[in-house]
Amino acid sequence: MQVFVTGGTGLIGSAVVAELLGNGHTVLALARSEAAALAVEAAGAEALRGGLADLDALRGGAAQADGVIHLAFGNDFSSADALAREVAEESAAIATLGEELVGSDRPFVTVSGTPYVPGRGSTEADPLPTDGPVGGRGRAVMAALGLASRGVRSTAVRLPRTVHNEGKGGFAGMLTGIARRTSVSGYPGDGAQRWPAVHALDAAVLFRLALELAPAGTSWHAVADEGDAVRDIAAVIGGRLRLPVEAVPPETYGTLGPIFAIDQPSSSTHTREALGWEPTHPSLLEDLENIQP
Ligand SMILES: NC(=O)c1ccc[n+]([C@@H]2O[C@H](COP(=O)([O-])OP(=O)(O)OC[C@H]3O[C@@H](n4cnc5c(N)ncnc54)[C@H](OP(=O)(O)O)[C@@H]3O)[C@@H](O)[C@H]2O)c1
């Protein structure tokens, strides 16, 4: 397939581009800068210049493709307003890509997070949250899944809190960044809350499988580790950076404080059984050993 990919220069998107090219697909990648265009071309993809707000570019990319994988997101969690702007821009982009595919039966793979379910690990059958600071992302993905009834083979790959590669990425990557800045490897609360994780190279395989195989309107969990206690994550980070490992106030994490405090394990049993997906790359705690002091 010729696949239009947004976010193809990111931690996950670069793995997805490589996975697609390595499995006989061609890739047209959205690139919002010269640097991004050079990066995707060096990876073997063709660049389409434009950003998420360039709705004509998105329409043009989707029109040329046999399928679309959307991964671009600004990831600006610095304030509630900044996050709301990012969510609004992405929601308009998802709606535009989806409308372009209506009536074509072409695949449209969107991305979201694994849901949080009090008292147990979440499964693929649990609904996405549609309220809270990132609720708009859930609503946009639900709307895309709803296009299944209008001739789009839309699917959602739900990612765990940390998608990592070489010790970097996701919530664990944010803990590392804060530890470097504050000289404490902190965790909120008692640190017993669990976060799920996956290696980016394993997640990339699931994006390809969803593109190739998944029925319209379905959701999948790219979960390799069902849940690591946050204090165990902080302990590896502290060990690598030679910093003390301590509880810190939730405010340390700004808008993400309440989300960081929650026990939110997740499973991928259905995904593994139905799509034959099997993670093979290092676990989060193993991969964090790659952090350089
Ligand atoms: N990493 C995780 O642990 C994790 C966990 C759950 C969900 N996710 C989600 O997975 C997706 C990919 O995450 P990631 O970790 O790969 O992110 P990332 O490394 O920060 O990459 C973000 C990608 O989006 C592109 N992008 C950002 N804003 C854009 C805009 N306005 N227009 C066009 N492109 C734009 C970036 O392009 P440039 O190269 O031009 O900056 C880059 O390719 C995001 O939706 C993220 O929220 C990630």
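Sequence positions, counted from 1, serve as the residue numbers for this chain. Remember, it's 1-based here, ligands and their atoms both numbered in the order they're listed.
If you look at His270 and His221, their ring centroids are not closer than 6.0 Å.
Counting only distance, with no hydrogens or angles, the side chain of Asp228 and the backbone of Ile233 share no donor-acceptor pair below 3.5 Å. Between the side chain of Ser185 and the backbone N or O of Ala234 there is at least one donor-acceptor pair closer than 3.5 Å. Proximity of a side-chain donor or acceptor of Arg137 to a complementary backbone N or O of Ser112 within less than 3.5 Å is not detected. The backbone N or O of Gly191 sits less than 3.5 Å from a side-chain atom of Gln193, completing a donor-acceptor pair. Judged by distance alone, with hydrogens and angles left aside, the side-chain atoms of Asp225 form no donor-acceptor pair with the main-chain N or O of Pro196 at under 3.5 Å. Thr130 places no side-chain N or O within donor-acceptor distance of the main-chain N or O of Arg139, the cut-off being under 3.5 Å.
Nearest protein neighbour of atom 23 (C) of ligand 1, counting heavy atoms only, is Gly7 CA, 3.7 Å. The single protein non-hydrogen atom nearest to atom 41 (O) of ligand 1 is Arg32 NH2, 2.7 Å, given as residue, atom name and distance. Summary of contacts: the protein heavy atom closest to atom 3 (O) of ligand 1 is Val163 N, 2.6 Å. Residue, atom and distance of the protein heavy atom nearest to atom 22 (C) of ligand 1 are Phe73 O, 3.6 Å. Nearest protein heavy-atom contact of atom 17 (O) of ligand 1 is Asn75 ND2, 3.3 Å. For atom 32 (N) of ligand 1, the nearest protein heavy atom (residue, atom name, distance) is Leu52 N, 2.9 Å.
For ligand 1 and Leu159, the ligand atoms under 4.0 Å from any heavy atom of the residue are 6 (C), 7 (C), 8 (N), 9 (C), 10 (O). Close approach to Gly170 involves these atoms of ligand 1, each under 4.0 Å from a residue heavy atom: 1 (N), 2 (C), 3 (O). Listed by number with element, the atoms of ligand 1 under 4.0 angstrom from any heavy atom of Thr162 are 3 (O). In summary, the atoms of ligand 1 found under 4.0 Å from a heavy atom of Glu89, numbered by their order in the structure, are 31 (N). Ligand 1 places these atoms under 4.0 Å from at least one heavy atom of Arg137: 44 (C), 45 (O), 47 (O). The Thr9 neighbourhood of ligand 1 comprises atoms 36 (C), 37 (O), 38 (P), 39 (O), 42 (C), 43 (O), with distances under 4.0 Å to a heavy atom of that residue. Those atoms of ligand 1 with a heavy atom of Val111 less than 4.0 angstrom away are 10 (O), 45 (O).
A salt bridge does not link Arg194 with Glu226: every distance from a Lys NZ or Arg NE/NH1/NH2 to an Asp or Glu carboxylate oxygen is 4.0 Å or more. For the pair Arg59 and Asp54, the salt-bridge criterion is not met [side-chain N within less than 4.0 Å of a carboxylate O]. A salt bridge is defined here as a Lys NZ or Arg NE, NH1 or NH2 lying under 4.0 Å from an Asp or Glu carboxylate O, and Arg272 with Glu278 meets this definition.
Contact between Glu86 and ligand 1 is absent, with no heavy atom of the residue lying under 4.0 Å from the ligand. Contact between Pro160 and ligand 1 is present, with at least one heavy atom of the residue lying under 4.0 Å from the ligand. Using a 4.0 Å cutoff on heavy atoms, Gly74 counts as a contact of ligand 1.
Here Ser112 has no heavy atoms under 4.0 Å from ligand 1, in either its backbone or its side chain. With a heavy-atom cut-off of 4.0 Å, Lys168 does not touch ligand 1 at all.
Residue nearest to atom 26 (N) of ligand 1, selected from Gly10, Ala72, Gly50, Ala15: Ala72 (by heavy-atom distance). One option in Thr6, Thr110, Ile12 has a heavy atom closer to atom 13 (O) of ligand 1 than any other, and that option is Ile12. When the heavy-atom distances from atom 12 (C) of ligand 1 to Leu71, Val5, Leu58, Leu11 are ranked, the shortest goes to Leu71.
In this structure, a donor-acceptor pair under 3.5 Å is absent between the side chains of Glu19 and His25.
A tilted orientation is assigned to the rings of Tyr253 and Phe260, their planes being inclined by 30° to 60°.
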Should Arg49 and Ser33 be marked as a side chain to side chain donor-acceptor pair (under 3.5 Å) after you check the CA-CA gap, both sets of side-chain angles, and the distance that decides it? CA-CA 7 Å; Arg49 287 299 297 269; Ser33 67; 5.9 Å; no
